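Here the structure is a predicted model, which means the values were calculated and not measured.
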Amino acid sequence: MGIMPTMIFENTSDLFSTGSTLRAEIAAAAASLIAEEGLDYANAKRKAIERIAGKKHHRLQREILPSNEEIEEAVRQYQKIFQSDSQPLRLQALREKALALMQLLADFSPMLTGAVANGTASEHSDIHLHCFAPSAKELGIFLMNQGFDSEADSLAPQRPGGDAIEALAIQWQGELATIAVYPESEQRSSPRIEAKRKHIRLDIKSVEKLLRDNPVQEAP
């Protein structure tokens, strides 16, 4: 069960330099739901708003609601306070498994994204990759030849009115891995961070560096 936001941060001004106390409380409540129950950001924000504002939640102005970036920072703070003994080890394990999968998919220029890339992954997190190929079918054939059964999936378009993104889901070293497949024409050779860290994508070398520079040792 998540911890109520008033118990998470004694001084909300330490979490946000701007914004109201209500904004900070909603972000903290959403962070608790994400870290403890594995909710996605949209549903965590919705439930947090209902929890904080009650029946009047529909009257809240959009301007005072926390952004996903603010909620992500609240998740980091929550994990630092309440999950410091388990979250770093879980993150490292997921990054190691993601790296092994990326090495297998090296011909498709894989990029690590999501919580495993930005460092907020927890026990509820999966591996998310972006790959580049003429079609998801080609990547599916490659996986089949490697002995993996993949399940076709689709992700929401990146922009309103855009096409859904083809994806494949596989079981990899005991984890669910979702691989979004983009046209080769959209490939960029270097890692990139888009729109104020909204989407971070890391290539193989970047993940190797993260693991090398941030080793986590299990407590004796």
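Connection of L91 to I34 is not established within any shared hydrophobic cluster, with ILVMFWY side chains joined at heavy-atom distances below 4.5 Å, either directly or through further cluster members.
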### Query
Can you list the steps and then say if D126 with T178 is a side-chain contact (heavy atoms from CB on, under 4.5 Å)?
CA-CA 8 Å; D126 304 320; T178 300; 5.6 Å; no
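Side-chain contact between L105 and L129 is present, with at least one heavy-atom pair separated by less than 4.5 Å. Between K47 and E37 the shortest side-chain heavy-atom distance falls below 4.5 Å. Side chains of N68 and E72 form no contact here, defined as non-hydrogen atoms less than 4.5 Å apart. With contacts defined as side-chain heavy-atom distances shorter than 4.5 Å, the pair E208/Q103 qualifies. Side-chain contact check for E70 versus R23: some heavy-atom pair is nearer than 4.5 Å. At least one side-chain heavy atom of I26 sits under 4.5 Å from a side-chain heavy atom of L65. Side-chain contact between F82 and Q87 is absent, with no heavy-atom pair separated by less than 4.5 Å.
Closest approach of R51 to L33, counting heavy atoms only: NH2-CD2, 3.7 Å. Across V116 and R95, no two heavy atoms sit closer than the pair O-NE, 2.8 Å. Residue P183 comes nearest to F132 through the heavy atom pair O-CD2, 3.5 Å, listed as atom of the first residue, atom of the second, then distance. Heavy-atom minimum distance, T113 versus H130: CG2-NE2, 3.6 Å. Nearest heavy atoms, L104 versus W172: CD2-CZ3, 3.9 Å. Scanning all heavy atoms of the two residues, the minimum distance from Q79 to T120 falls at NE2-O, 2.8 Å.
The residues E50 and R46 are annotated as salt-bridged, a charged nitrogen and a carboxylate oxygen being separated by less than 4.0 angstrom.
Taking CG of D40 as the reference point, atom NZ of K45 lies at 11.0 Å (rounded to 0.5 Å). Separating the CG atom in L176 from the CD1 atom in I127 is a distance of 8.5 Å, to the nearest 0.5 Å.
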Under 3.5 Å, side-chain donor or acceptor atoms of residues 134-156 against the rest of the protein: list the pairs with distances, not counting sequence neighbours.
residue, atom, partner, partner atom, Å
S135, OG, K137, N, 3.4
S135, OG, E138, N, 3.2
N145, ND2, I141, O, 3.4

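With sequence neighbours excluded, the residues that form a side chain to side chain contact (heavy atoms under 4.5 Å, CB included) with A35 are Y78, Q83. Every side chain to side chain contact (heavy atoms under 4.5 Å, CB included) that A117 has, sequence neighbours left out, goes to L112, I200, L202. Among residues two or more places apart in sequence or in another chain, the salt bridge (charged side-chain N to carboxylate O under 4.0 Å, His left out) test is passed with K80 by none. Considering only residues two or more places apart in sequence or on other chains, S125 meets the side chain to side chain contact (heavy atoms under 4.5 Å, CB included) condition with L94, A115, A121, S122.
Between the side chain of H128 and the backbone N or O of A177 there is no donor-acceptor pair closer than 3.5 Å. Side chain of N214 to backbone of L210: a donor-acceptor contact under 3.5 angstrom is found.
Within the structure, salt bridge (Lys or Arg N to Asp or Glu O under 4.0 Å) pairs that include any residue of residues 96-120 comprise K97-E175 (at least two apart or interchain).
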